[in-house]
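First up is the structure itself, then whatever we jot down about it.
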Amino acid sequence: MKESIVRLASASPAVIGVALAVGAVPAAAQSGDESAPATQSEAPATDAPADAASDASGLGEIIVTAQRRSENLQRVPVTVSAINSQSLTSANIMSGTELGKVVPALTIQPNSSSVLLFLRGIGSNVSAVGSEASVAFYVDGVYYSRLFPGLVRLNNIERVEVLKGPQGTLYGRNSSGGLVNVITRDPEPGAPTTGEVSFGYGNYETIDATGYVAYNLADNLAIDVAGVVHHQNKGFGTNLGTGEDVVKSSTRGIRSKLVYEPGPDTVIKLTGEYVTDKGDFAQSTHFRHNRQGFIDGSGALPTLGFFDTNKDYTNANTSREYGASLRIQQDVGFANITNTIAYHDIKQLNEFDADLSPKTLQHTSLFSYGKELINDFQIASKGGSATDWTVGVFYTDQKQGYNPAYIGLGDTASLEIFSNSRVRSIAGYGEARFPIVGGLKGTVGFRYTRDRLTGNGRVNLVAPDQLPSPAGPVLVPDLLPAASAGYTFTKATFKLVLDYQFTPDVFGYASFSRGYKGATFNMIPFDVTPTKPELLDAYEAGLKTELFDRHVRINLAGFHYELKNPQVIIIPDSGTISTENAGAAEIDGAEIELTLVPVTGLNLRASGIYLDARYTDYKNAPLYVANPNFPFGNLSPTSGSADGNMLPYAPKWAFNAGGDYTFDVGGGSVTLGGNVAFASRTFFQPDNRLFQGSQAIVDAYLEYKFGESGLSLKAYGQNLTNRHFYTGAVEFGNAAGDLGFPAAPRTYGMTLRYKY
């Protein structure tokens, strides 16, 4: 019975969850650090230059909190890319989803319902509810198990730190491939009121408005509020079936932080946020001119414009998130104690015309939810100690599911799928860095994780009621009877590092670490057998240098990864969502990050990565070929070996180059900035059949600041050459054939900004 239901439950491309399209540069840490209270003996974050790259005497110090304490980036034995707000502007980055433009090792793919992260070839294209990312995402040290594009649009970002390789011995949740930590600004008690507002207008009738204000309520109490509005009124394409614009988005968000310092040794931070996001996404029904047809086999779909569709209704994706966190930091003399408790609540509705045509063949509506409670307790040594140490306990309770998911079966019936997943995880972790002899230091880290995974689900057959709205009366209850399952997984992971300060300006390190990503259930429909956890062994060596009287910074890293049981999303011949484990993969790579300040006002940066990321054991991979008996579509996939194939979203070469130049003009100043991001051929599926060829994306901006008034006017352009390219693609074993997901075309506009 279950097999027959699976064959009926054909899912839309977005449901399948394949990803679509959030160089180290100076970043000065501010009071947004998650480190201990300002009374700690480490150099406070605010001691770093606010603009570390504008000093003609050389590059300023980069302060990061990659190891949960404020440290100079060039002395941290971890590969970290740090991007401050100035560098985000220089690269013309307008959303966190574009961070890959300045961190070539990072790919952030927003799709219909979530944002997926890939780092050095490690990542998961599974966007279905219940699955966690292989690369973790944090905001101010608070873990987010699930993201959507609106969550990374807020404008109060102080800097972003991208940590590469497993990080479980210092950060609460498991992360097999690394993590992205977004640090937002803190309001400062006792400081004067500051603020910033901007209004921008661009092509496709796009409005972008942001606001930020930090206000001192008392000598020991301050609050800030940050808000964002993004509205694209005109789409990149048209749905010829309805005449509506398609491929457009709208975001509203607000975030506020309250900082209270009741005494010299205590800091309390209370943060709240509310974000809504609505839009649809591009679906190209002629990926690289491959053949595609009606899923009932009645003929070929017509060729359309790159962003156009032809459906009987337009996809709609709506997301809403609210959350809060409370962090208490206490200096207890011998150490700093920090406890963070956070809660997130997400609801989403994703509606898809899954047959991709003007016929009523298959409609899909997914009503999903996610609730997450987190508590992270940590004790860290004071700065200046002979040994830097951190110990902690992390707990999370995550509930996610579909309540319900509707899979339309033409005009006759629909499947009503209920599925729920819950993960309760507790982990103890710790890390210590200690001197050995001379400039040689060692680091030892350990983590023990216990995950309790439970889930349940059932399927009804219901009558359609003007889908994509909720379906009508139940025709057959418990078509797939209720089922439930529970499993417990435990894993010990670790980290070993040696680092050496060769000279004041040359620092090297070598490490071996193990990362872990938990198991997950298939949810549409619910399957009582979960996937296996992922396990990554990472070997790495790096060198960090500052040359020519600190006018040039060059950081290098080489690494070898051995990945066991990578979780892969596939499409069986029925078209159902299914997450399975490949056997193993290996990744070899090297990175370089370069920053230069050759003359006053000129900041240059470049970074690049080489990857050789391949499956070494994937004997049961789905392999697709075009149907030779019809002018459209693919045959049902066969099971075969993908050994030696490249991992998805892991281009062999990727680099970026850019910078900005500021000079005085007429009582004000002009800044010219630009960025070029290149990626070589990128495969989208394990069989390496669908790919995007090499591409380079060019962005630029011109900004004029009106003296000391705080007023500025900026003109910008993204994808200036108007490249048409794909950020993802899926393949179906039926007449639908292959489906590509186009990236945004050329966009441009102007922004008026005022700071006070």
Side-chain angles (χ1 to χ4, degrees), residues 12-15 17 19-22 94-98 108-116 127-129 144 146-155 200-211 226-239 241-255 273-283 307-309 311-323 344-354 363-370 402-403 405-406 466-470 727 741-744 747 749:
S12 73
V15 178
L20 307 178
V22 163
M94 305 181 72
S95 169
T97 59
E98 301 170 350
I108 302 182
Q109 304 288 357
N111 71 0
S112 62
S113 59
S114 64
V115 174
L116 307 175
S127 69
V129 165
Y144 285 68
R146 189 169 182 82
L147 297 171
F148 57 87
L151 279 173
V152 291
R153 276 195 176 271
L154 290 182
N155 71 310
Y201 186 81
N203 59 335
Y204 299 101
E205 300 178 10
T206 302
I207 295 173
D208 285 288
T210 65
V228 63
V229 174
H230 165 79
H231 181 70
Q232 180 187 337
N233 189 55
K234 183 175 177 58
F236 298 149
T238 302
N239 181 354
T242 65
E244 299 173 289
D245 281 1
V246 293
V247 196
K248 58 182 183 178
S249 60
S250 179
T251 298
R252 308 286 188 275
I254 187 169
R255 180 182 175 90
E273 64 188 11
Y274 183 86
V275 181
T276 63
D277 196 72
K278 185 176 182 179
D280 63 294
F281 65 101
Q283 296 176 309
F307 296 99
D308 294 338
T309 62
K311 305 177 182 179
D312 53 324
Y313 78 93
T314 298
N315 297 345
N317 310 309
T318 304
S319 302
R320 183 274 297 154
E321 186 267 354
Y322 65 82
H344 306 297
D345 187 294
I346 295 179
K347 288 187 178 180
Q348 295 180 294
L349 171 59
N350 307 113
E351 299 174 310
F352 312 102
D353 187 349
H363 290 175
T364 300
S365 297
L366 307 178
F367 295 82
S368 64
Y369 72 92
Y402 293 101
N403 192 27
Y406 292 105
Q466 298 180 346
L467 283 172
S469 63
T727 61
F741 304 102
T747 57

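Computed from a predicted model, the values in this text were never measured in an experiment.
Take D308 and apply the side chain to side chain donor-acceptor pair (under 3.5 Å) test, not counting sequence neighbours, and it matches no residue. S249 is linked by a side chain to side chain donor-acceptor pair (under 3.5 Å) to H230, counting only residues two or more places apart in sequence or in another chain. With sequence neighbours left out, K248 forms a side chain to side chain contact (heavy atoms under 4.5 Å, CB included) with Q232, D245, D280.
Listed here is the closest heavy atom pair of A744 and F236: CB-CE1, 3.8 Å. Closest approach of Y204 and G235 over heavy atoms only: CD2-O, 3.6 Å. The heavy-atom pair separating K311 from N239 by the smallest distance is N-OD1, 2.9 Å.
Taking the side chain as every heavy atom from C-beta outward, T318 and K347 never approach each other to under 4.5 Å. Counting heavy atoms from C-beta on, the side chains of H344 and E273 come closer than 4.5 Å.
Rounding to the nearest 0.5 angstrom, the gap separating the CZ atom in R146 from the OG atom in S368 is 6.0 Å. Rounded to the nearest 0.5 Å, atoms CG (D277) and CD1 (I346) are 11.0 Å apart. In this structure, CD on E351 lies 6.0 Å from OH on Y313, to the nearest 0.5 angstrom. Summarising the geometry, atom CD1 belonging to I207 is positioned 7.5 Å from atom CG belonging to N233; distances are rounded to the nearest 0.5 Å. We find the OG1-CG distance between T309 and N315 to be 7.5 Å, quoted to the nearest 0.5 Å. Once rounded to the nearest 0.5 Å, the distance linking CG of D345 with CD of E321 reads 8.0 Å.
Between Y274 and Y322, the angle of the ring planes stays under 30°, which puts this pair in the parallel group of the 30/60° scheme.
For the residue pair S250 / R252, a side-chain donor-acceptor distance below 3.5 Å is found, with atom types taken as modelled. Inspection of the T747 and N203 side chains reveals no N or O donor paired with an N or O acceptor under 3.5 Å.
At least one donor-acceptor pair under 3.5 Å links the side chain of T242 to the backbone N or O of E244. Judged by distance alone, with hydrogens and angles left aside, the side-chain atoms of N403 form no donor-acceptor pair with the main-chain N or O of F367 at under 3.5 Å.
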